[in-house]
Amino acid sequence: MLIQGGGVGGLTLAAALGQRGVEVDVVEASGPEAVLGVGLSQPNNALAALDEIGVRDACLAVGFPFEPLAIWNPAGVEVASIPPAEGRYGTPSNNAISRPLYNAVLREAAEKAGARIRTGSTVWNITEHADGVEVELATWTGKRTPPVRDRGAGSDRYDLLVGFDGVNSKIREHLFGDRYTPRFTGSACWRITMPRPADLTHIAFAVSGPAKAVLTPISDEQMYFGLVTPEPDNPRFDPADFIRLAKERMQGFSGRIGEMRDSITADNYVSYAPLYHVTVREPWFHGRIAIAGDAAHTAPPHLAQGAAMAVEDAVTLAAALSEHPTLDSALQTWFERRRDRALFVADMSLALLKQETGGEGLTPEETELLGLGIPGAQARIAQEAY
């Protein structure tokens, strides 16, 4: 089996399949030293799924477990908190973790299970056959350069190709053409690493005008400052300007949040990512090719469930492949199991983003979803089985 994408979902699937005795190759376009992001949250449903491949405790050991979600005013004073939803997944309710450390934990599990991982490589050409998928690979050198076909390289045949290759998935494009081109939401997310204040012991968020700040502790020493801002027309910025631009967008905050803003220097790592939305509502597979994670359902970060959905996709796909006698029945059962839950997270997250940015473009279906509120959405996720 071949997995395109060596991120959270792809490595989880590689570990889950390898532990079942399946031979797995993973190709990841980014190089081995690529920055994989700043950090993310692992809600307890993700921790439960990670326990299936034996890495829950490793994630907790290098992460920062916490319970409530704090709401701050623009000056950084706590005004309310949202307790964790009760459900089937136990405690801790959340664990925040550095993205590179998370990747390292998952890569170790995948390699221990026998997966072969190749970085700086991507799928170049796919030829489908009744009894397999023939795949040619290419070397990839950077986001703004096209892949380069290796001279003299051959091809390999696999029983199944799974694309965990993100919002701009080439595997999705192969399956569906341009029917699911990612849509820019009108907003983007800035993430900045900085020292963690001793009293920041759980995620806190604050809103000032159109900007939403999310402060997430990811270790005893570190946190990241997330900032969601409107970015009309999807501009492209020079990374050399990230710090200045992020600070400009934080001017509505004061107090301790303003102090954090003013403390940002060139020593802080700053990332910028436009927020896109994709929801594939038809089966995520055809023949011996499937997509999962962000390739099938990309959501804004407003429920902190995007990576969790990828982990759930991975462990349930591995289970379906081992439990069903035919590939088609396994993939169909898996899709039916995952569809409503993953699309709910994607749709609810987009509705929350639209609500926070003025409500323009909200559909009747999204307005109905917003009636749940964040606590209601979290309760649904916590009470459903993945």
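FYI, side chains are in, hydrogens and waters are out, and symmetry mates aren't considered; it's all heavy atoms of this structure.
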### Note, Met250 side chain near Leu227 side chain (heavy atom, < 4.5 Å)
yes
### Message
Return the CG to OG distance between Asn95 and Ser41, rounded to the nearest 0.5 Å.
### Response
8.5 Å
### Query
Same hydrophobic cluster for Leu362 and Phe184, using side-chain heavy-atom links shorter than 4.5 Å among ILVMFWY?
no
Review item, side-chain donor-acceptor pairs of residues 271-279, under 3.5 Å, at least two apart:
unit_1	atom_1	unit_2	atom_2	d
Tyr276	OH	Asn234	ND2	2.8
Tyr276	OH	Arg236	NH2	3.3
His277	ND1	Arg183	NH2	2.9
Thr279	OG1	Arg281	NH2	3.4

### Query
Does Asp165 pair with Arg172 as a salt bridge, N-O distance under 4.0 Å?
no
Contacts table for residues 1-15: side-chain donor-acceptor under 3.5 angstrom, sequence neighbours left out:
unit_1	atom_1	unit_2	atom_2	d
Gln4	OE1	Thr122	OG1	3.4
Gln4	OE1	Val123	N	2.7
Gln4	NE2	Val27	O	3.3
Thr12	OG1	Val8	O	2.7

### Message
To the closest 0.5 Å, what do you measure between OG1 (Thr363) and CG (Leu350)?
### Response
8.5 Å
### Query
For the atom pair CG (Leu50) and CG (Asn44), what is the distance rounded to the nearest 0.5 Å?
11.5 Å
### Task
List the atom of Val105, the atom of Cys59, and the distance in Å for their closest heavy-atom pair.
CG1-SG, 4.1 Å
### Listed once per pair and sorted, the ring pair (Phe, Tyr, Trp, His ring centres under 6.0 Å) pairs that draw on residues 298-322, sequence neighbours left out
none
### Query
Taking a hydrophobic cluster as the set of Ile, Leu, Val, Met, Phe, Trp and Tyr residues connected by side-chain heavy atoms closer than 4.5 Å, whether directly or through intermediates, do Ile264 and Phe237 fall within one such cluster?
yes
#### Entry: Closest non-hydrogen atom pair between Glu366 and Gly361, with its separation
OE1-O, 3.7 Å
### Task
Among residues two or more places apart or on two chains, list those pairs meeting side chain to side chain donor-acceptor pair (under 3.5 Å) that have a residue in residues 199-211.
Asp199-Arg256
### Task
Would you kindly say whether Glu365 and Thr367 are connected by a side-chain donor-acceptor distance under 3.5 Å?
no
### Gap between atom CD1 of Ile192 and atom NZ of Lys247 - 0.5 Å precision
9.5 Å
## Note on the structure
Applied to residues 295-319, the salt bridge (charged side-chain N to carboxylate O under 4.0 Å, His left out) test, sequence neighbours excluded, yields Glu312-Arg338, Glu312-Arg341, Asp313-Arg338
### Message
Could you go through Ser121 and Trp140, starting from their C-alpha distance and side-chain angles, then the distance that decides it, and tell me whether this counts as side-chain hydrogen bond (donor to acceptor under 3.5 Å, both in side chains)?
### Response
CA-CA 5 Å; Ser121 186; Trp140 191 78; over 6 Å; no
### Summary
residues 288-302 vs salt bridge (charged side-chain N to carboxylate O under 4.0 Å, His left out), sequence neighbours excluded, gives none
## Note on the structure
Taken in chain and number order and not counting sequence neighbours, the residues that satisfy ring pair (Phe, Tyr, Trp, His ring centres under 6.0 Å) with Tyr180 are Phe176
### Message
Test: ring pair (Phe, Tyr, Trp, His ring centres under 6.0 Å). Region: residues 317-371. Which pairs qualify, not counting sequence neighbours?
### Response
Trp284-Trp334, Trp284-Phe335
#### Entry: Val135 and Asn125: CA distance, side-chain angles, deciding distance, side-chain contact (heavy atoms from CB on, under 4.5 Å) verdict
CA-CA 6 Å; Val135 179; Asn125 188 57; over 6 Å; no
#### Entry: side-chain contact (heavy atoms from CB on, under 4.5 Å) evaluation trace for Met194 with Asn268
CA-CA 6 Å; Met194 57 179 55; Asn268 297 99; 3.7 Å; yes
#### Entry: Atom CD of Glu86 with >12 non-hydrogen neighbours under 6.0 angstrom
no
Output side-chain donor-acceptor pairs under 3.5 Å for residues 65-78, partner residues at least two apart or in another chain, one line each.
unit_1	atom_1	unit_2	atom_2	d
Glu67	OE1	Ser93	N	3.4
Glu67	OE1	Ser93	OG	2.6
Glu67	OE2	Ser93	N	3.1
Asn73	OD1	Ala75	N	2.9
Asn73	OD1	Gly76	N	3.1
Asn73	OD1	Val77	N	3.0

### Message
What's the separation between atom CG in Asp156 and atom CG in Leu161, rounded to the nearest 0.5 Å?
### Response
12.0 Å
### Message
side-chain contact (heavy atoms from CB on, under 4.5 Å) for Glu108 and Val55? Distances and angles first, verdict last.
### Response
CA-CA 10 Å; Glu108 180 180 1; Val55 301; over 6 Å; no
## Note on the structure
Residues at least two apart in sequence or cross-chain that pass side chain to side chain contact (heavy atoms under 4.5 Å, CB included) with Arg116, listed by chain then number, are Glu23, Asp25
### Query
Heavy-atom distance under 4.5 Å between the side chains of Glu128 and His286, does that happen here?
yes
### Query
Is it the case that more than 12 heavy atoms not belonging to Asp233 sit under 6.0 Å from its CG atom?
no
### Task
Could you walk me through whether Arg261 and Glu248 pass the salt bridge (charged side-chain N to carboxylate O under 4.0 Å, His left out) test, one step at a time?
CA-CA 9 Å; Arg261 174 197 63 223; Glu248 288 177 358; over 6 Å; no
### Query
Would you say Ile381 and Leu369 are hydrophobically clustered, going by side-chain heavy atoms of ILVMFWY under 4.5 Å?
yes
#### Entry: Co-membership, hydrophobic cluster, residues Phe253 and Ile243, 4.5 Å side-chain
yes
#### Entry: Spacing of NE2 belonging to His174 relative to CD1 belonging to Ile289, to within rounding of 0.5 Å
3.5 Å
### Query
What's the verdict on side-chain contact (heavy atoms from CB on, under 4.5 Å) for His297 and Val345, showing C-alpha distance, side-chain angles and the deciding distance?
CA-CA 9 Å; His297 44 81; Val345 167; over 6 Å; no
### Task
Could you tell me whether Glu360 and Lys354 make a salt bridge, using a distance below 4.0 angstrom between a side-chain N and a carboxylate O?
no
#### Entry: Pairs involving residues 86-119, ordered by first then second residue, that meet ring pair (Phe, Tyr, Trp, His ring centres under 6.0 Å) (sequence neighbours left out)
Tyr89-Tyr386
### Message
Between Glu28 and Thr119, is the side-chain hydrogen bond (donor to acceptor under 3.5 Å, both in side chains) condition met? List the steps.
### Response
CA-CA 5 Å; Glu28 165 56 44; Thr119 58; over 6 Å; no
Show me the donor-acceptor pairs within less than 3.5 Å that the side chains of residues 213-223 make with the rest of the protein, sequence neighbours left out.
unit_1	atom_1	unit_2	atom_2	d
Ser219	OG	Glu221	N	3.2
Ser219	OG	Gln222	N	2.9

### Query
Hey, are Asn45 and Gln305 close enough side-chain-wise for a donor-acceptor pair under 3.5 Å?
yes
### Query
Does NZ in Lys212 sit with more than 12 non-hydrogen atoms of other residues, nucleotides or ligands closer than 6.0 Å?
yes
### Query
Do you reckon Ile97 sits in the same ILVMFWY cluster as Leu303, going by side-chain contacts under 4.5 Å, direct or chained?
no
### Query
What's the shortest heavy-atom distance between Gly373 and Met348, and which atoms?
O-CE, 3.7 Å
